[in-house]
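These numbers were taken from a predicted model, which means no experiment stands behind them. Residue numbers count from 1 along this sequence.
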Amino acid sequence: VIVMIPLLTLLTLLFTVCAHFTTFDKQQEQEDMSVPGGLSEERPAGPKIQEIADKVRPEAELLGGRTFSEYIAVKYRSQVVAGVNYFISVKIGDDEYCHLRVFQNLQQGVELTAVQFNKTVDDPIEYF
């Protein structure tokens with residue numbers, strides 16, 4: 001029994017640490033989500049948003065009628081639906097930006113659903 005107490009204490013500590021990191025990850029995911037149906041605040045785009053934008057680059061270039069000299073996700077907003085709509089501001093050239101609306105379904109597949117060209121870095125991201 002004396003040997004079990006330190007082991008139990010160690011297991012409890014390990015569980016607490018794992019639960020903390022799992023909770024942290026869930027909080028980060030929830031911060032990316034808005035109230036269902038509404039748009040989140042604008043946020044800086046990170047690697048996850050860049051990855052989503054990269055998946056639809058060929059379609060965006062096709063709709064834009066050219067190959068973009070740059071393709072850097074700068075900022076975004078999200079909308080929870082039956083999946084997530086991402087509204088992403090992407091730098092596509094010197095002082096050239098476009099806004100993408102990308103739908104990510106519940107199976108994590110993505111689809112470009114709309115694009116707005118002739119945007120600037122200062123243009124707010126709004127529903128379109």
Side-chain angles (χ1 to χ4, degrees):
V1 175
I2 294 174
V3 173
M4 294 297 287
I5 292 172
L7 180 59
L8 183 58
T9 303
L10 179 62
L11 289 174
T12 301
L13 178 61
L14 182 60
F15 176 77
T16 303
V17 169
C18 289
H20 169 74
F21 284 109
T22 301
T23 302
F24 178 77
D25 288 343
K26 295 280 185 210
Q27 287 172 342
Q28 283 297 110
E29 282 181 26
Q30 289 172 355
E31 286 175 9
D32 283 347
M33 301 297 122
S34 61
V35 175
L39 288 179
S40 70
E41 295 296 319
E42 279 189 10
R43 295 190 173 90
K48 173 184 170 184
I49 301 304
Q50 183 66 54
E51 181 180 333
I52 291 168
D54 287 343
K55 289 179 180 178
V56 299
R57 181 177 182 164
E59 290 175 86
E61 289 178 330
L62 184 63
L63 291 170
R66 66 187 175 102
T67 301
F68 303 137
S69 61
E70 298 180 68
Y71 196 78
I72 302 166
V74 178
K75 58 186 177 180
Y76 77 101
R77 295 178 76 180
S78 59
Q79 177 191 37
V80 176
V81 289
V84 181
N85 281 321
Y86 289 99
F87 298 83
I88 307 169
S89 177
V90 179
K91 183 174 184 181
I92 58 174
D94 292 337
D95 298 321
E96 291 183 90
Y97 292 78
C98 70
H99 289 179
L100 310 176
R101 184 173 74 205
V102 181
F103 174 68
Q104 184 176 49
N105 64 34
L106 298 174
Q107 292 75 35
Q108 305 303 304
V110 297
E111 174 186 352
L112 181 64
T113 55
V115 183
Q116 293 180 332
F117 292 100
N118 302 315
K119 294 293 185 176
T120 69
V121 68
D122 296 321
D123 285 337
I125 300 173
E126 298 173 340
Y127 184 90
F128 61 96

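Among the candidates Val110, Val81, Leu112, the single residue satisfying the side-chain contact (heavy atoms from CB on, under 4.5 Å) test with Phe103 is Val81.
Val74 and Ile52 are assigned to two separate hydrophobic clusters, defined by single-linkage of ILVMFWY side chains at heavy-atom distances under 4.5 Å.
Taking all atoms of both residues into account, the shortest heavy-atom contact from Gln79 to Tyr127 is OE1-CE1, 3.6 Å. When every heavy atom of Leu100 is checked against every heavy atom of Cys98, the shortest pair comes out as CD2-SG, 3.8 Å. The two residues Ala60 and Phe117 come nearest to each other via the heavy atoms O-CZ, 3.7 Å.
In this view, Asn105 satisfies the side-chain hydrogen bond (donor to acceptor under 3.5 Å, both in side chains) rule with no residue, not counting sequence neighbours. Judged as a side-chain hydrogen bond (donor to acceptor under 3.5 Å, both in side chains), and not counting sequence neighbours, Glu51 has no contacts. Considering only residues two or more places apart in sequence or on other chains, Ala45 meets the side chain to side chain contact (heavy atoms under 4.5 Å, CB included) condition with Ile49, Ala73, Tyr76.
Listed by first and then second residue, the salt bridge (charged side-chain N to carboxylate O under 4.0 Å, His left out) pairs that reach into residues 74-90 are Glu42-Lys75, sequence neighbours excluded. For residues 110-122, no pair satisfies salt bridge (charged side-chain N to carboxylate O under 4.0 Å, His left out), with sequence neighbours left out.
Between Tyr97 and Asp123, every side-chain heavy-atom pair lies at or beyond the 4.5 Å cut-off.
Interatomic distance, CD1 of Ile125 versus CD of Glu41, reported as 11.5 Å (0.5 Å rounding). Put simply, CD1 on Ile88 and CD on Gln50 are 8.5 Å apart, with the number rounded to the nearest 0.5 Å. In this structure, CD on Gln108 lies 8.0 Å from NZ on Lys55, to the nearest 0.5 angstrom.
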Does the side-chain contact (heavy atoms from CB on, under 4.5 Å) test come out yes or no for Glu96 and Phe68, once each step is laid out? CA-CA 10 Å; Glu96 291 183 90; Phe68 303 137; over 6 Å; no
Given Arg66 and Ile92, is the side-chain contact (heavy atoms from CB on, under 4.5 Å) satisfied, shown in steps? CA-CA 10 Å; Arg66 66 187 175 102; Ile92 58 174; 3.5 Å; yes
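No side-chain donor-acceptor contact under 3.5 Å links Ser78 to the backbone of Ser40. Tyr71 contributes a side-chain N or O that, together with a main-chain N or O of Ala53, makes up a donor-acceptor pair within less than 3.5 Å.
Grouped by direct or indirect side-chain proximity (heavy atoms under 4.5 Å, Ile/Leu/Val/Met/Phe/Trp/Tyr only), Leu106 sits alone.
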